[in-house]
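Take a look at the structure set out below.
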Amino acid sequence: MSLFHALKSRSLLILLGLVAVTGGIVINELRSSWLQAHYFFRLATRLDYKLEKGPSSSIRFPKSGPYDERLGYNKIPEYTKSLTSRGFVVTEQVRMSPTLLDSPLAPIYAEKDQAGLTLLDYNQRLLYVLLSPTRVYTNFDSIPKILTDTLLFIEDKELLDSRYPMRNPAVNWSRLDRALFDQVLHAIHRQHDTPGASTLVTQIEKYRHSPEGRTSSIHEKFLQMDSASIRSYLKGMDNMANRRQIVVSYLNTVPLTARMGYGEVNGLGDGMWMWYGRDFHEFNHLLQMQGDEFLQQRAEAYKQALSLIIAQRRPSYFLREGSPVLMRMTNHYLRLLGSAHIISPALQRASLALPLYLNQGPLVPQANSFVSHKAANLLRNNLLSLLHISNLYALDRIDLTAKTTLDGDAQRAVTNLLRQVQTPTGARTAGLYGHNMLGEDDNPRRLSFSFTLFERSSNANLLRVQTDNLDQPFDINSGARLNLGSTSKLRTLVTYLEIMTQLHQSYAAMNPGDLQKIRAESQDTLTCWALTYFVNNPHDSLQNMLEAAMTRTYSGDPSEAFFTGGGLQKFKNFEPEKDNGIMTVREGFQHSVNLVFVRLMRDIVHYYEAQTLSAGIVSLTRTPPSNRNTVAGTTEVSLNPSQQTQLSLFADHEGREFLLRFYKKYRGKSPDEMVQTLIDGVHARPRNLALLFRSVEPEAGFSQFTAFMHKQLPEEELGEKSLQVLYDKFSIEKYSLMDRGYLAGIHPLELWLVGYLFHHPKATLTQLVEASTQQRQEVYQWLFKSHNKRVQESRIHQMLELEAFQMIAADWRHLGYPFEALTPSYATALGASGDRPDSLAELMGIIVNKGLLMPMVELRDLQFAKGTPYETHFVNQPATGVRVLPVAVTEVVRRSLMDVVQDGTGIRLKDGLVEKNGQVIEVGGKTGTGDQRFVTYAPNGKLIASRAVNRSATFVFLIGDRFFGTVTAYVHEPYAADYKFTSAMTVQLLKSLLPVLDVPSS
């Protein structure tokens, strides 16, 4: 052999040797993933993150993916913006490593199979938790072996091959080869199926992080495989433990579509419950059994679980209209599993013989106690507002732990006691039977009791307890406008003292001579009293003036009729023995005397009326005869400019009210629908229809008018001549708006509004109000030309009173009153305008905090995505308190609240709260009994009819210098008329609650 041939043979042998070695390395790598393990493990160690103080500049959040969307990870930047605008600050947030920050993959970490909303009380004890999925396997060993074997046989046979402890579970080469081959055949023959090549771990990546949980492209598939590969080596190159965890995660989180009444169904445990009604522990116990014991039950549970493992391929199809196909596929796999000896022949036969019955209808929700979740629901609703999340379903599924201010032990103790007092035995134990409380035959089950307690801290008022025993979603504390009776006297008293403060600021520094001149011109009682006070007590302090103001006296006489709220009204005292008394404001508050506060409210209203008018300009007496002009044997009143202004205001206000009513009536209708609605409200006569058409479409031609008339009156014989007469007669310039409304028999502003909206269908209410300024005045011209001066004076009185109550409402809202407007009547001092218990608590908080309006806080801090690369912590740092009342006012009010308990309507709590060390904590408060009724009065003020709508009793209280809140009893119709309890019952209820609250003195 020549040298050349020898060298050639040796090179060939070397080449063959290299090929063989390379092939061996490749084959070994395909089996063992040794090189991949080293590469991906090193990469995983660089994709790290850590939690540090303050907001992070090196963090990124996912854009899409069902898992990240459900747990709220993609919304954390939005939550941050909302929370920081509401007083929260970022105290801790993750810093990502540069490699992780720049990676195109979703962050790699040990993801949670189960997460959701958790609420903790201020002692870090659990208040509420909802983790999703609900039913999960805690570890690999808790999964029945038959279930694991079945899953791996169908989806990933090589996953747990212990011969290769470093194998990459993201790639199954035999399955990948088959998938590529099927793709080639599919390109040639479009009907050929193309099953996927996904392993369990890449399926998890897909349904968690790919957009919409789908593989939309080859690029997306490679991203899934890359992420899955790195995640598989997070804990080391030997990833057997991680591969077992893949089985756990898959079974816990595999998507199984959604069910009406529940929402998304994820995981085999929740799937078995939702689609087959299977208890998690029961079906696992059955699948763990061996032999033929309970064979039928085991076969049914196994077949159902198998069907869900198969259904994950197309869950929304197989678990709905495709259920017959699912049945056939399940039977097919039963045969395959039997042939592979995964299941026994006996189990195979028994399973094949059984049908599948899916629960496909809407889920009937389980009956839950609303009582036990009142506080949690309050907090969850606050979170909805804070985070701008649309519903509780979405909120419950975000990965969030919220630490609250509630005292869980006190919350449960109070809730239990409120439940107990709904039974006769419990009510008797609490002392709720007796005078002004429950009668012997009264059933407490119909009553609802609520309780709220706050604690003052250095920078906020912290909610400690909020609960009721009403087993409905409705929250008595904050859910409605209730008549809380004489608690309104507290708001009235505060307003009275605020007015005195204003008068002190205006006149305390003046000399007596100037005060005398002003007093001669002043119109209202409160200003006159203040001026007299400073004449006699020059430059006196605010504290002394307020104390003197509390000694002003009023009569308790109920015989007087008061012109208020547009008519005559009479009031009565709860205790008739107060009818003939003359008492101070302090005494009237202490004993809750109605007529004292009706008269006090009248003085308050007159004070604000005087603020509206310039002193001495408007006279509400008759105009002197020299100013009257006689026209055609009648007397016409001559108004001065200020009276004209007040009548114009009245016309404007009344016009707005009517305009709003008509806007609601026609809102959302098309122009033709509006016209038809207008026509339906009048008599369908030629004259009326002609007038309406010419008012709404004044520019329309005769032909359009004729077509309209024939359409509306097809049976009328309307000749062209008669139609021409109607067309000309009702031209818009021939009648005023007032006359056109009168002739058509409808309100003229309704006619105007339809005409305006017909030509401006997208006009808003604000635009309508602006456009109708002239028309609103026009329709009330009769008032300006009235020959009855009493009518004009009545309207002016009503307008002045309305404006006064708008000013009072603004003062009340400044102190936490929850509604925009008050009922313009002196009865507002007795509760006619309604209130809410939690809003009364806010007012009491201002008093306890010596005039500072402090934030009401229920949520202390929020932890999003704990243990993940997105972890972010927020702490609530509320704004500093705002002074809304002088300290002097709150001191006077506080003493009056203590008087109520010491010798007034709250006397049951006179002994206060006695601590174990013998120290007594003082209790103060204001009682209120609301008897809300629908009443009808005659023009002379006589009561015609009265129907009880609901009855309530409230006690708004303070305990020492730290605690305050409200306790309320409530009953609605048709039972309201059966009860006669007063706020004495709520005072007694608080007395029974104090021992379980364990309120500390310091």
Side-chain angles (χ1 to χ4, degrees), residues 17-49 97 99-100 103-113 137-143 145 147-180 196-209 215 220-254 869:
L18 289 173
V19 170
V21 170
T22 303
I25 293 173
V26 170
I27 291 171
N28 183 64
E29 177 62 23
L30 294 178
R31 290 174 178 172
S32 68
S33 304
W34 188 88
L35 291 174
Q36 295 174 71
H38 283 75
Y39 172 76
F40 286 124
F41 174 66
R42 286 198 300 271
L43 180 57
T45 59
R46 298 200 300 272
L47 299 174
D48 63 338
Y49 56 91
S97 67
T99 306
L100 178 58
S103 173
L105 304 176
I108 309 300
Y109 64 101
E111 296 178 338
K112 304 175 184 181
D113 288 351
Y137 295 106
T138 54
N139 53 58
F140 181 80
D141 293 332
S142 65
I143 305 171
K145 184 176 184 303
L147 204 56
T148 302
D149 292 343
T150 299
L151 174 64
L152 297 181
F153 177 81
I154 295 172
E155 294 293 339
D156 201 343
K157 291 183 177 68
E158 300 174 3
L159 177 65
L160 300 184
D161 189 342
S162 59
R163 294 175 299 170
Y164 305 107
M166 287 188 261
R167 173 175 277 174
N168 183 358
V171 183
N172 184 318
W173 293 105
S174 60
R175 196 166 182 175
L176 182 60
D177 292 342
R178 176 60 189 272
L180 292 173
S198 295
T199 61
L200 286 182
V201 69
T202 54
Q203 287 186 52
I204 294 172
E205 292 293 330
K206 175 186 68 174
Y207 66 64
R208 281 185 171 176
H209 301 296
T215 306
E220 186 64 39
K221 172 57 67 179
F222 281 121
L223 288 177
Q224 294 166 11
M225 294 173 67
D226 283 347
S227 294
S229 297
I230 300 170
R231 202 182 304 275
S232 299
Y233 296 101
L234 272 175
K235 297 180 180 179
M237 291 181 288
D238 183 340
N239 63 4
M240 280 303 300
N242 211 330
R243 281 147 64 183
R244 285 192 288 270
Q245 185 59 39
I246 289 168
V247 176
V248 178
S249 294
Y250 184 86
L251 289 175
N252 282 342
T253 63
V254 58

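- More than 12 heavy atoms of other residues, nucleotides or ligands lie within 6.0 Å of CZ in Phe140, so this atom counts as buried by the packing criterion.
- Here the closest heavy-atom approach between residue Asp113 and residue Thr253 is recorded as O-CG2, 3.6 Å.
- Contact record, Pro169 with Thr199: O-OG1, 2.9 Å, taken as the closest heavy-atom pair.
- Judged purely by atom type and a 3.5 angstrom limit, Ser249 has no side-chain atom pairing as donor or acceptor with the backbone of Ile246.
- Phe153 has its side chain out of reach of Thr150: every pair of non-hydrogen atoms, C-beta onward, lies at least 4.5 Å apart.
- Note: Asp149 CG to Ile154 CD1 = 11.0 Å, rounded to the nearest 0.5 Å.
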Which is it for Leu151 and Leu200 under the side-chain contact (heavy atoms from CB on, under 4.5 Å) test, yes or no, and what are the steps along the way? CA-CA 9 Å; Leu151 174 64; Leu200 286 182; 3.9 Å; yes

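- Side-chain atoms of Gln203 and Lys206 include no donor-acceptor pair closer than 3.5 Å.
- Listed by chain and residue number, Glu111, Glu205 satisfy the salt bridge (charged side-chain N to carboxylate O under 4.0 Å, His left out) test with Arg231 (two or more places apart in sequence, or in another chain).
- Phe41 meets the ring pair (Phe, Tyr, Trp, His ring centres under 6.0 Å) test with no other residue; sequence neighbours excluded.
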Steps toward side-chain contact (heavy atoms from CB on, under 4.5 Å) verdict (Val247, Ile143): CA-CA 9 Å; Val247 176; Ile143 305 171; 4.1 Å; yes

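- Judged as a side-chain contact (heavy atoms from CB on, under 4.5 Å), and not counting sequence neighbours, the contacts of Ser103 are Leu47, Arg60, Leu105.
- The side-chain heavy atoms of Tyr137 and Leu147, taken from C-beta on, include a pair separated by under 4.5 Å.
- Judged by distance alone, the side chain of Asn239 and the main-chain N or O of Arg167 form a donor-acceptor pair under 3.5 Å.
- For the residue pair Thr215/Gln224, the side-chain donor-acceptor check at 3.5 Å is satisfied.
- Between the side chain of Ser97 and the main chain of Tyr49, no donor-acceptor pair closer than 3.5 Å is present.
- Atom OG1 of Thr45 is separated from atom CD1 of Ile230 by 10.5 Å, given to the nearest 0.5 angstrom.
- The salt bridge (charged side-chain N to carboxylate O under 4.0 Å, His left out) analysis of residues 235-251, with sequence neighbours excluded, yields no pairs.
- What you find for Leu234 and Asn242 is that their closest heavy atoms are N-ND2, 4.1 Å.
- Checked against side-chain contact (heavy atoms from CB on, under 4.5 Å), Ala106 has the following partners two or more places apart in sequence or in another chain: His209.
- Here the CD atom belonging to Gln36 is positioned 5.5 Å from the OH atom belonging to Tyr233, to the nearest 0.5 angstrom.
- The CG atom of Leu152 sits 11.0 Å away from atom OH of Tyr250, with the distance rounded to the nearest 0.5 Å.
- With sequence neighbours excluded, the residues forming a side-chain contact (heavy atoms from CB on, under 4.5 Å) with Thr138 are Ser142, listed by chain and number.
- When all heavy atoms are compared, the tightest approach of Ser232 to Ala228 is OG-O, 2.7 Å.
- Considering all non-hydrogen atoms of both residues, Ala170 and Thr202 come closest at O-CG2, 3.5 Å.
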